[in-house]
Student: 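First the structure, which I've put down as structure tokens, then a few questions once you've had a look.
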Amino acid sequence: MLEKKVNAVVIGGGSAGMAAALSIAEKGYQVAIIEREDTLGGILLQCIHNGFGLQEFKQELTGPEYAQRFEDFVHKNRKINIFLETTAVDITQNDNGTRVVNTYSKKHGVILFSADAVVLAMGCRERNRGNIAIAGTRPAGIFTAGLAQRLLNIDGFIPGKKVVIIGSGDIGLIMARRLTWVGTEVLGVVEIQPFPSGLTRNIVQCLNDFSIPLYLNHVVSRIYGKERVTKVRITPITQDGKIDEKKSFQIACDTILLSVGLIPDMELAKNAGVRINHDTNGPYVNADLMTSQEGIFACGNALHVHDIVDYVTEEARRCGSYVHDYIQGGRVKKQGNVIPGANIKYILPNHYVTHRNNRLYCRPMIVKNNAELFIKINKKFVLQKKLRHIQPSEMISIDLEKDVFKNIQKDQNHTLEVSIR
Amino acid sequence: MKEDCFDVAVIGAGVSGAAIARKLSLYRLKVTLIEKCEDVSFGVSKANSGIIHAGFHHKPATLKSRLEIEGNLMFEKFQQELQFPFKRVGILVAAFSYEEMKTVEKLYQQGIENNVPLIEICNRERLLELEPKLNSDVSGGLYAPTGGIIEPYRYVFALVESAMKNGVKLFTDFKVIRAGYSGGQYTITSAKGRSLKAKYVINAGGLYADEISSLFKAEKYKIFPRKGEEYLLERNSSGFPNHVIFPVPIKNSKGTLVIPTVEGTMMIGPTAEEIKDKEDVATTPENLEKVFSLAMKMIPSISKREIITSFAGLRPAMEGNDFYIDISKKASHFIQVAGIQSPGLTASPAIAEYVKDLLKKDGLKLVEKRDYDPFLKGAMVVRGRTPEEADKLIKKDSAYGNIVCRCENVSEAEVTEAIEKGHTTMDGIKFYTRAGMGKCQGGFCTYKILHLINQKAGISINKITKRGGRSTIVYDTLSDKNIK
């Protein structure tokens with residue numbers, strides 16, 4: 001059994017893990033990246049389409065290209081040690097307060113990493129059929145969109161001939177186009193909501209350009225087939241949210257792809273006592289992206305699901321700098337609460353500080369042009385901002401300069417509320 | 001071609017057939033176990049509540065009640081020999097009214113008549129102490145500490161493995177379509193044209209026992225499928241109870257239960273619905289609502305957010321609702337083992353004993369083998385070990401260090417063991433190892449398992465199935481011809 005002592009352990013070697021590790025290591029600390037696959041890069045490696053890096057590199061890259069750039073930086077950095085084919089199975093705490101990450105490695109057996117800080121950067125998983133409880137049988141031919149993407153782009157297997165996609169999440173849209181290119185018939189995308197849940201550019205480039213029908217306000221109400229999927233029943237939803245059984249129709253298909261949302265992968269964190277936020281399914285974090293467990297931080301899709309990888313990189317890099325401050329022993333400053341106001345699905349982080357700038361990420365629950373964002377501290381307006389267009393699939397980032405806080409009494413409890421109208 | 005010739009053919013590798021085959025493997029006999037599906041335990045035995053009943057639900061006069069009690073008491077021995085997941089967590093029945101308490105008293109009386117050990121009636125306070133998560137409106141209830149939970153498929157796999165270790169020959173993908181009797185033996189032919197001979201036949205055909213019976217020109221009866229839908233909830237669920245919780249039973253059903261599974265997930269269900277189609281295992285949104293509202297009446301902290309998946313199973317019910325285990329009066333040397341619905345799993349060890357006695361009565365000579373070995377090593381797993389133990393295991397075989405299923409922490413070595421033991425479908429591997437049974441439902445491990453089956457069993461990836469037949473996972477290999 002190997003025991004290793006480092007300053008920080010980063011769990012996950014995808015976009016978040018690499019950026020966080022680089023940012024911690026740049027300040028001179030020893031970092032270990034734990035990655036369960038045999039290469040760094042994470043889910044980016046199966047995203048062979050372009051559109052990555054517009055913010056980070058002012059260039060349009062594919063997923064593997066974006067990953068490669070960070071991988072090169074990581075490999076060059078001598079403060080970072082990479083442990084591939086190594087799975088973290090448990091996070092515990094030593095008597096002196098340091099964290100211990102228990103990992104299984106094919107090459108080394110068990111490795112116990114002890115560290116001052118742990119960064120959760122293990123990304124997210126896809127919601128599946130069970131999570132949305134679709135009625136019907138359980139035949140072969142039902143895939144989450146990401147699994148189908150992996151099978152096609154990395155393993156080289158075509159999942160089926162005639163596909164119906166449930167949910168209009170981005171991976172589902174990307175897969176609609178990808179499958180069409182390999183000769184699979186994509187018969188439609190079925191979305192329960194009145195608006196698509198993926199980015200507008202993907203609706204245009206992946207569905208409209210290929211004349212793939214998008215059924216908004218529809219659900220797949222039943223799956224048929226004993227061995228392999230044979231058909232689905234699609235049912236519209238009326239304005240008052242009821243299922244309009246009489247207007248149901250069927251589509252014959254052999255495959256179903258599910259693109260019905262992503263959930264932060266939090267099993268490891270839950271077992272370590274990290275408190276989970278039901279609105280993001282990720283952890284509650286303070287202004288320094290530290291979870292309810294001291295020394296355990298979170299960033300990227302393990303914290304909340306981001307629209308684009310560039311935001312993941314930005315957040316993870318910031319997380320790394322907070323980890324650095326924490327290891328250096330900076331005292332945790334008093335923090336105010338951040339709470340969601342009107343029309344906000346969630347807002348992160350859950351606390352803010354007044355001695356520096358804060359970046360908040362939030363997701364709206366409504367679709368609107370010319371919306372307005374309001375920020376109140378202790379019920380007093382401190383900031384107002386116009387937003388040209390908002391929709392739930394597009395995350396809003398808010399930068400709060402520390403000037404905003406100049407009239408706040410530092411020793412008092414204070415609460416910041418964000419609303420959109 | 002010379003056909004294989006057996007002393008006994010057991011038709012159906014569900015829990016009854018498997019237990020009988022294993023029992024018979026103790027004797028100097030040539031025994032075969034025949035299964036229509038791609039793997040064993042793929043029918044009724046895979047989709048049920050996984051409960052070892054205590055024995056207070058059925059009237060003393062019935063055969064099922066007698067075998068239930070006898071079977072229940074044999075599980076420690078079976079577990080010791082076969083190493084499957086089983087725990088005697090105890091069963092509670094929760095009553096919510098004066099009338100329901102009256103029924104609890106009747107169940108208690110029935111339990112006493114059936115000789116259920118340690119059964120007791122609890123008042124509200126005692127019941128809540130045993131099970132603090134129960135709805136505090138509960139009036140009281142019944143406590144039967146000998147009730148337990150089990151992984152039903154793992155139990156069947158172990159029974160079959162043990163039977164095979166002691167000489168039983170297993171044929172899967174062998175759907176019996178024809179049977180003839182001449183010269184003191186049956187010739188049994190499969191849909192794919194294979195055939196074998198046997199002197200004695202045991203019909204443990206589950207949902208299809210009626211059809212098997214008529215193929216062998218034995219008694220005419222009908223199996224009525226009664227569907228039960230179940231919902232599986234994640235590990236560390238908020239409503240996870242200490243015991244199996246039953247409501248007060250109504251008519252033909254023991255009601256919707258809350259079940260802590262042996263592996264730490266939680267199950268609620270089943271429903272009970274008479275249907276016609278023996279293959280109809282579809283779930284419905286109405287039943288989802290029904291199951292949750294019934295379960296949440298007992299444990300209010302149960303949450304729909306925690307659903308991992310749902311499934312449905314069919315009970316092979318018969319008129320009269322008792323087990324039908326007897327020597328056929330029409331076909332020679334043919335034993336009926338039909339109508340084995342709940343508590344069939346619990347009764348299975350006793351059913352095997354009972355059938356063995358029937359065979360003896362019907363003239364089969366039973367001489368014990370000298371080299372019979374009842375013990376199995378049990379599957380080695382890496383999850384739940386201390387770092388020192390895990391390290392030792394990985395140093396011995398590095399494949400234990402490669403976690404294939406991240407939700408349930410199943411290693412490559414465990415999947416490989418399943419494949420080497422003949423489980424080469426995705427479902428077979430899932431039931432044997434738990435890979436794919438967790439929260440992501442195969443989202444992250446499917447491709448890894450496909451590659452492992454391909455490497456270890458040499459099946460090409462586009463031929464690998466979910467559960468045999470035409471249930472292939474992928475359609476084709478990507479090549480130039482597909483590119484538009």
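Sequence lines set the chain letters: A, B, ... in the order given, protein chains first and strands last, and positions in each chain run from 1.
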Student: Of all the residues in residues 258-267 of chain A, which have a heavy atom that comes within less than 4.5 Å of a heavy atom in chain B?
Tutor: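 Those residues of residues 258-267 of chain A which have a heavy atom under 4.5 Å from chain B are A:Asp265, A:Glu267.
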
Student: When you check the gap from the basic side-chain N to the acidic O, do B:Asp277 and A:Lys226 get nearer than 4.0 Å?
Tutor: yes

Student: Any salt bridge linking A:Lys162 with A:Asp254? Criterion: basic side-chain nitrogen under 4.0 Å from a carboxylate oxygen.
Tutor: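 Judged by the 4.0 Å cut-off on N to carboxylate O distance, A:Lys162 and A:Asp254 do not form a salt bridge.
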
Student: Could you look at B:Leu288 and say if it's the side chain, the backbone, both or neither that has a heavy atom under 4.5 Å from chain A?
Tutor: side chain

Student: Is it true that the NZ or CZ of B:Lys46 lies under 6.0 Å from the centre of B:Tyr153's six-membered ring and within 45 degrees of the ring axis?
Tutor: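 Ring-cation test returns no.
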
Student: Charged N to carboxylate O under 4.0 angstrom, B:Glu412 versus A:Lys106?
Tutor: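 Result for this pair is yes, salt bridge flagged.
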
Student: Does any heavy atom of chain B fall under 4.5 Å from the side chain of A:Arg36, the backbone, both, or neither of them?
Tutor: side chain

Student: Measure distances from A:Glu37 to the heavy atoms of chain B and classify the residue's part below 4.5 Å as side chain, backbone, both or neither.
Tutor: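 Side chain only.
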
Student: Measure distances from B:Asn236 to the heavy atoms of chain A and classify the residue's part below 4.5 Å as side chain, backbone, both or neither.
Tutor: side chain

Student: Checking an interface table here. Which of residues 441-453 of chain B come within a heavy-atom distance under 4.5 Å of chain A?
Tutor: B:Gln441, B:Gly442, B:Gly443, B:Phe444, B:Thr446, B:Tyr447, B:Lys448, B:Leu450, B:His451

Student: Taking everything shown except B:Lys278 itself, do over 12 heavy atoms lie less than 6.0 Å from its NZ?
Tutor: yes

Student: Is a salt bridge present between B:Glu234 and B:Arg305, judged by a nitrogen-to-oxygen distance below 4.0 Å?
Tutor: no

Student: One thing to verify: whether B:Glu289 and B:Lys304 come together as a salt bridge, which I'm taking to mean a side-chain N less than 4.0 angstrom from a carboxylate O.
Tutor: yes

Student: Based on non-hydrogen pairs under 4.5 Å, which of A:Glu85, A:Arg150, A:Glu126 is most in contact with chain B?
Tutor: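 Sorted descending by pairs with chain B, the first entry is A:Arg150.
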
Student: Could you tell me which of A:His278, A:Lys270, A:His108 has the largest number of non-hydrogen atom pairs under 4.5 Å with chain B?
Tutor: A:His278

Student: Tell me which of these, A:Gly156, A:Gly136, A:Gly141, has more heavy-atom pairs under 4.5 Å with chain B than the rest.
Tutor: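 Highest number of pairs under 4.5 Å: A:Gly136.
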
Student: For chain B, which candidate among A:Asp155, A:Asn102, A:Thr144 shows the most heavy-atom pairs at distances under 4.5 Å?
Tutor: A:Asp155

Student: Please flag which part of A:Arg222 lies under 4.5 Å from any non-hydrogen atom of chain B: side chain, backbone, both or neither.
Tutor: side chain

Student: Hey, are B:Arg383 and B:Glu263 close enough for a salt bridge, meaning a charged N less than 4.0 Å from a carboxylate O?
Tutor: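 Salt bridge between B:Arg383 and B:Glu263, a charged N being under 4.0 Å from a carboxylate O: yes.
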
Student: With a 4.5 angstrom heavy-atom cut-off, is it the side chain or the backbone of A:Ile154 that approaches chain B, or both, or neither?
Tutor: neither

Student: Is B:Tyr231 in contact with chain A via its backbone, its side chain, both, or neither, using a 4.5 Å heavy-atom distance?
Tutor: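 Neither the backbone nor the side chain of B:Tyr231 comes within 4.5 Å of chain A.
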
